There are 2 protein chains.
Amino acid sequence: MKSAAKAMQAEDSAETGAQQIRDAIREAIVERRLSPGTKLSESDVGNLFNVSRTLARAALQALSYEGLVSVEKNRGAFVAYPSPEEARQIFSARRLVEPGILREAAARITADDISQLKQLLLEEGRLMSERGQTARRAEIKASGDFHLMLAEISGNAIMQRFMEELVARSSLVIALYGQSTASSCGHSEHGEIISAIESSDLDRACRLMLHHIAHIETDLDLRERKSLGLKEAFEL
Amino acid sequence: MKSAAKAMQAEDSAETGAQQIRDAIREAIVERRLSPGTKLSESDVGNLFNVSRTLARAALQALSYEGLVSVEKNRGAFVAYPSPEEARQIFSARRLVEPGILREAAARITADDISQLKQLLLEEGRLMSERGQTARRAEIKASGDFHLMLAEISGNAIMQRFMEELVARSSLVIALYGQSTASSCGHSEHGEIISAIESSDLDRACRLMLHHIAHIETDLDLRERKSLGLKEAFEL
DNA sequence: GTGCAGAAAATCGTATACAATTCCGCCGGC
DNA sequence: GCCGGCGGAATTGTATACGATTTTCTGCAC
């Protein structure tokens, strides 16, 4: 309900209404307030934001292009439920592009950028030590923001958009298959990467980045979770 | 009309009507039947395909997410007109991801894949020697398909989709800023890359790929083309 | 002829209406 | 009791309707 109110207040924004709805839903998905598989009916979304189905539908379509929502013909839209294979591909893509982004970012980075990165790191650490759902959600967001900021620094808007997609989908994967409570990125690894950049040791930075991504993947249990709703579900 | 890479997904009236329209327009853009800057009004598109504005709008929205169409609020949709900076970023992105894709593809490639690649090459060569608009258009498509097939072989659907976007946008850039009539890729370079893959010389293949992309860029004149609609336009 | 205000036309943004499809419970047959 | 078919409700797919914004055209003053 309060999200609906938020949508109303920003009514006279520059963007078309569908964009705001899309952003609101995306944020909810990335922060894991919406679980994978949840049905997002057009009417419900429309009612929630006090708009017609037209706009709700447009927002859902947009999210499906980002891979955060899957729409099935004549059946509706659902929060994406990435398969293990999809999960592997997402992280494979990250391993493929993030070192390159890191290199480009390092080539253009300014002192101001570095201090911003460090501030992000600090914030991340602060949230980690806090308790509570909201802190947890903010932490998830912050740890993704580190990777996104590197993409931003790289100065390539296309890669930046791609990284936004990958980070968002990673959040879904972690929500589904993550095991440890340490929800997302190893915080300290972010710091080490910054250090390596500062000392202009690019190779080391890239190695750390790859290690970091691998580390996140290690925390996943990517076994096919079939229906499982059988005897196995009850014999424990 | 049987592009191998189009092995995308089934038919039987496939997806919702908007998708077909989107694909048709995308093809027209990539084959340069639609020039950058051309206005795509919702009504016109709808009439052209005998559907309502609703579907036309959905298709245009979809294309805007791919960067092939830019929609301006309350003004309409236009075939994208990438700025020189955008063009640089597109090719920068390709330099960043294509070597990685190539490596993954090489790791999974089969004999059958190689023969398909070679066949694509042959087709490309044949089209090159032909005259006429339609041959030219088919050639443009074929030269892009080489890169797309590598992405497909890599087995990563996410990277494949990203490459589809990059190749399509590259076509726009070449249409805008390309100088030589040799519309697109150096044909022979594709062959060399295949050879390097065949002999398992990955480093060489990557070097060739980077060189190949650089070669395409060399053919661009990325100077800001301001209005130019002034005296310069008439004094020649 | 030039320039500008204002109306008319065209086009987009959003809502609503209707058709098509799927989902779900009910019922009779076996 | 279980299975398969048959409405009715719910939901999506598409079209149309209407208000808002932009563009174009017209006419009058200068």
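Protein chains get the first letters and strands the later ones, always in sequence-line order, with residue 1 at the start of each. The structure presented is a predicted model; accordingly, all values stated were derived computationally and were not measured.
Rounded to whole angstrom, the span from the CD1 atom of A:I21 across to the P atom of C:dT14 amounts to 9 Å. For the pair B:D44 CG and C:dC12 C1', the interatomic distance rounds to 13 Å; values are reported in whole Å. With rounding to whole Å, B:Q19 atom CD is found 14 Å from D:dT14 atom C1'. Summarising the geometry, the separation between CG on A:L60 and C1' on D:dT12 is reported as 12 Å, rounded to the nearest angstrom. Summarising the geometry, the separation between NZ on B:K73 and P on C:dT14 is reported as 6 Å, rounded to the nearest angstrom. Rounded to an integer number of Å, the gap from A:E72 CD to D:dG13 C1' is 15 Å. Atom CG in A:N74 sits roughly 12 Å away from atom P in C:dA20 (whole-Å rounding). The CG-P distance, from A:N47 to C:dT16, rounds to 11 Å in whole Å.
Counting heavy atoms from C-beta outward, A:V173 and A:F91 have side chains that approach closer than 4.5 Å. The closest side-chain heavy-atom distance from A:Q119 to A:E123 is not below 4.5 Å.
The aromatic rings of A:F162 and B:F162 lie parallel to each other, with less than 30° between the two planes, well short of the 60° mark. Taking the six-membered ring for Trp and thresholds of 30 and 60 degrees, A:H190 and A:H212 have ring planes more than 60 degrees apart, a perpendicular arrangement.
Looking at the side chain of A:L55, the nearest of the listed nucleotides D:dT22, D:dT12, C:dA15 is C:dA15. With C:dA15, C:dT21, C:dC12 as the candidates, the nucleotide lying closest to the side chain of A:V51 is C:dA15. Of the listed nucleotides (C:dT21, C:dC12, C:dA17), C:dA17 has the atom at the smallest distance from the side chain of A:R53.
Positionally, the nearest nucleotide of DNA chain C for B:S43 lies more toward the 5' end than for the other of A:S52 and B:S43. For the pair A:T54 and A:A77, nearest-nucleotide mapping onto DNA chain D gives the more 5' position to A:A77.
Proximity of A:R57 to the phosphate of D:dG13: a side-chain N or O atom is located under 4.0 Å from OP1 or OP2.
Judged by atom type and distance alone, A:R75 does not reach the base of D:dG13 through any side-chain donor-acceptor pair under 3.5 Å.
Among A:R94, A:E164, A:E152, the single residue meeting the side-chain hydrogen bond (donor to acceptor under 3.5 Å, both in side chains) criterion with A:H147 is A:R94.
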